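In what follows, a single structure is set out as structure tokens and then discussed.
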Protein chains: 2
Amino acid sequence: MMNPLIRKLERFTRLSDADKRLLQQAATARIVNYDTHQDIIAEGEEPTDVNLILGGWVCRYKQLADGSRQIMSFLLPGDLCDLNIFLLRRMDHALATLTPVTVAKISRDLLQQMLNADPRLTRALWWEVLVTAAIHREWLVNIGRRTARERVAHLLCEIYFRQEAVGRVRDARCELPITQVELADALGLSAVHVNRTLRELRVAGLIDWRDKTLAIPDPAALAAVARFDPDYLHLDFEGERFDAEC
Amino acid sequence: MMNPLIRKLERFTRLSDADKRLLQQAATARIVNYDTHQDIIAEGEEPTDVNLILGGWVCRYKQLADGSRQIMSFLLPGDLCDLNIFLLRRMDHALATLTPVTVAKISRDLLQQMLNADPRLTRALWWEVLVTAAIHREWLVNIGRRTARERVAHLLCEIYFRQEAVGRVRDARCELPITQVELADALGLSAVHVNRTLRELRVAGLIDWRDKTLAIPDPAALAAVARFDPDYLHLDFEGERFDAEC
DNA sequence: CGAAAACTTGAATCAATTCAAGAGGCGTGG
DNA sequence: CCACGCCTCTTGAATTGATTCAAGTTTTCG
């Protein structure tokens with residue numbers, strides 16, 4: 001099995017064979033499986049491992065006192081959760097599965113060793129953190145300033161383009177194995193309104209979402225509705241430049 | 001002048017005299033002043049320097065096509081903007097001043113040298129990045145899931161507690177040198193509604209904001225209204241632990 | 001096959017926006 | 001030094017986008 005993290009990081013920087021071996025080893029040492037809708041880490045816990053998602057979808061969320069929750073990220077295979085455990089003692093949010101999920105647990109010490117041994121890996125992981133931050137910023141704009149229609153369309157675009165970048169789009173279709181409630185929790189909207197908005201987009205012929213699969217017949221058209229600009233995903237291979245400098 | 005960045009980082013980790021000298025040097029090499037309401041960097045630019053704020057307030061924002069904008073962070077003295085310039089080529093957002101501002105420009109190369117020379121400094125800056133991310137996540141919750149009343153109260157609490165942590169609160173009062181429009185742009189609300197909400201909080205005796213100064217006579221009471229929990233600011237001195245490990 | 005979860009739709013309600021108009025403060029230039 | 005224009009703040013009234021409540025349908029899964 002090709003490690004999806006290696007694949008992702010290589011989009012950014014060249015990794016030596018030693019790097020890859022180290023990563024591959026780290027990613028197979030301790031594999032854990034989770035069912036759908038389970039917490040991987042709860043808010044307030046003190047994590048000791050970093051979770052590398054090998055398969056399935058995960059979300060980052062906070063639960064409020066009144067029962068509502070806000071999903072803050074969707075994490076896909078190859079994504080690394082909680083790099084922050086190095087520095088922040090307690091989780092200020094939770095991670096939960098949206099589908100059955102396989103993760104590799106990488107201990108703090110091991111990751112520390114890897115980072116010490118290899119500055120290139122360090123920077124590759126830093127890049128990962130910064131791209132995540134860029135996505136968070138765009139979500140802030142999305143939730144703060146866009147209409148429901150734009151908001152829904154925008155998030156669907158993001159999910160589509162993120163997957164396209166890692167070769168997970170075929171025939172204008174990608175996976176979307178989440179519920180409308182979860183989409184609503186990510187968008188700061190009610191589930192009912194998300195449902196109505198999806199219908200609008202559907203009857204307009206912009207999307208076709210069923211069987212956990214999202215089809216976007218004309219991505220440019222949906223992007224126009226969403227006023228979506230993929231720049232913030234930093235999908236261009238900026239590592240070329242970086243690599244030359246090191 | 002005591003460098004506010006050193007002060008902040010020392011809350012997290014111990015810095016050697018050499019570290020401090022280096023930082024102090026970096027922070028005085030190239031000083032630039034800006035007027036109120038000026039862009040420090042525009043969206044799309046390719047920055048070459050990191051900006052260290054020495055005095056004044058700055059915000060991070062994105063402007064939308066329809067003219068509305070979303071402010072994504074408030075940056076105070078000691079805050080470092082754009083650590084991401086190392087890795088992301090183009091700015092996917094802009095930085096603007098909210099008051100007259102003094103900035104130290106630190107060149108990419110110099111910062112690179114500093115990071116190479118000192119892993120402790122690297123981690124201290126990484127911590128800075130992660131705390132920023134934690135604040136972004138909380139903003140997402142705030143904008144996505146809280147009522148206007150809670151939202152306004154929550155942001156005021158954040159601003160108050162952040163300043164308290166660096167000794168900028170006296171007699172339950174701190175600086176708040178921004179306009180209601182800017183507050184609205186940060187909260188994803190209209191300026192009119194922010195105005196009404198502030199009035200509510202004012203007549204309830206929870207806040208007193210005038211002359212660019214915010215007074216919160218009973219912070220616990222306002223925090224209760226906002227359902228504010230300062231954990232996400234990671235103000236506790238977690239560096240103690242970290243320092244022991246290195 | 002039956003129960004639970006997910007989706008769908010309508011109707012009533014509400015929170016927040018928009019529009020509009022006026023008051024107050026500030027800086028600049030005549 | 002006053003007048004003018006601009007920005008900020010304030011408030012009311014009308015409107016709207018989104019929520020809530022409620023009920024029914026479809027899908028999923030054990």
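The shown structure was predicted, so the numbers you read here are calculated from the model rather than taken from an experiment. The sequence lines fix the lettering, A, B, ..., with proteins before strands; numbering per chain opens at 1.
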**Request:** In whole angstrom, give the distance that lies between atom CG of Leu183(A) and atom P of dT8(C).
**Result:** 12 Å
**Prompt:** For atom CG of Asp211(B), is the number of surrounding heavy atoms from other residues, nucleotides or ligands below 6.0 Å larger than 12?
**Reply:** no
**Message:** Quick check on salt bridge (Lys or Arg N to Asp or Glu O under 4.0 Å): which of Arg168(B), Lys212(B), Arg162(B) does Glu175(B) satisfy it with?
**Reply:** Arg168(B)
**Item:** Glu158(A)-Tyr232(A) side chain donor-acceptor pair, cut-off 3.5 Å
**Value:** yes
**Request:** Check for a donor-acceptor pair, side chain of Arg60(A) on one end and backbone N or O of Leu95(A) on the other, with a separation under 3.5 Å.
**Result:** no
**Asked** Which of residues 58-76 of chain A have a heavy atom under 4.0 Å from DNA chain D?
**Response** none
**Message:** Could you tell me how far apart Leu187(B) (CG) and dT17(C) (P) are, to the nearest whole angstrom?
**Reply:** 10 Å
**Complete:** Heavy-atom nearest nucleotide on DNA chain D taken for Arg151(A) and for Asp211(A); more 5' hit belongs to Arg151(A)
**Request:** Applying side-chain contact (heavy atoms from CB on, under 4.5 Å) between Trp57(B) and each of Thr97(B), Thr99(B), Asp79(B), Leu75(B), report the one that passes.
**Result:** Thr99(B)
**Prompt:** Just checking Arg199(A): base, sugar-phosphate only, or nothing, at a heavy-atom cut-off of under 4.0 Å?
**Reply:** sugar-phosphate
**Side-chain ion pair, Arg145(B) and Asp66(A), N-O less than 4.0 Å** = no
**Range on DNA chain D touched by chain B, heavy atoms, distance below 4.0 Å** = dT8(D) to dA13(D)
**Fill in**
Per nearest nucleotide of DNA chain D, the residue lying toward the 5' end, His37(B) or Val192(B), is His37(B)
**Asked** In whole angstroms, how far is the P atom of dA6(C) from the CH2 atom of Trp209(A)?
**Response** 12 Å
**Item:** Side-chain ion pair, Asp229(B) and Arg227(B), N-O less than 4.0 Å
**Value:** no
**Message:** Any carboxylate oxygen within less than 4.0 angstrom of a Lys/Arg side-chain nitrogen, looking at Arg173(A) and Asp208(A)?
**Reply:** no
**Request:** Find the distance Ile143(B):CD1 to dA15(C):P and express it as a whole number of Å.
**Result:** 20 Å
**Asked** Asp35(B) has an atom CG; how far is it from atom P of dG27(C), in whole Å?
**Response** 13 Å
**Request:** Round to the nearest Å and state the distance from His193(A) atom NE2 to dA6(C) atom P.
**Result:** 21 Å
**Complete:** Between CG of Asp185(B) and P of dA16(C) the distance, given in whole Å, is 17 Å
**Request:** Write down the distance between CG (Asn195(B)) and C1' (dT18(C)), rounded to a whole number of angstrom.
**Result:** 15 Å
**Prompt:** If you measure only the distance, is there a donor-acceptor pair under 3.5 Å linking the side chains of His37(B) and Glu182(B)?
**Reply:** yes
**Item:** Touch class at under 4.0 angstrom, heavy-atom based, for Ser190(B) against every strand present
**Value:** base
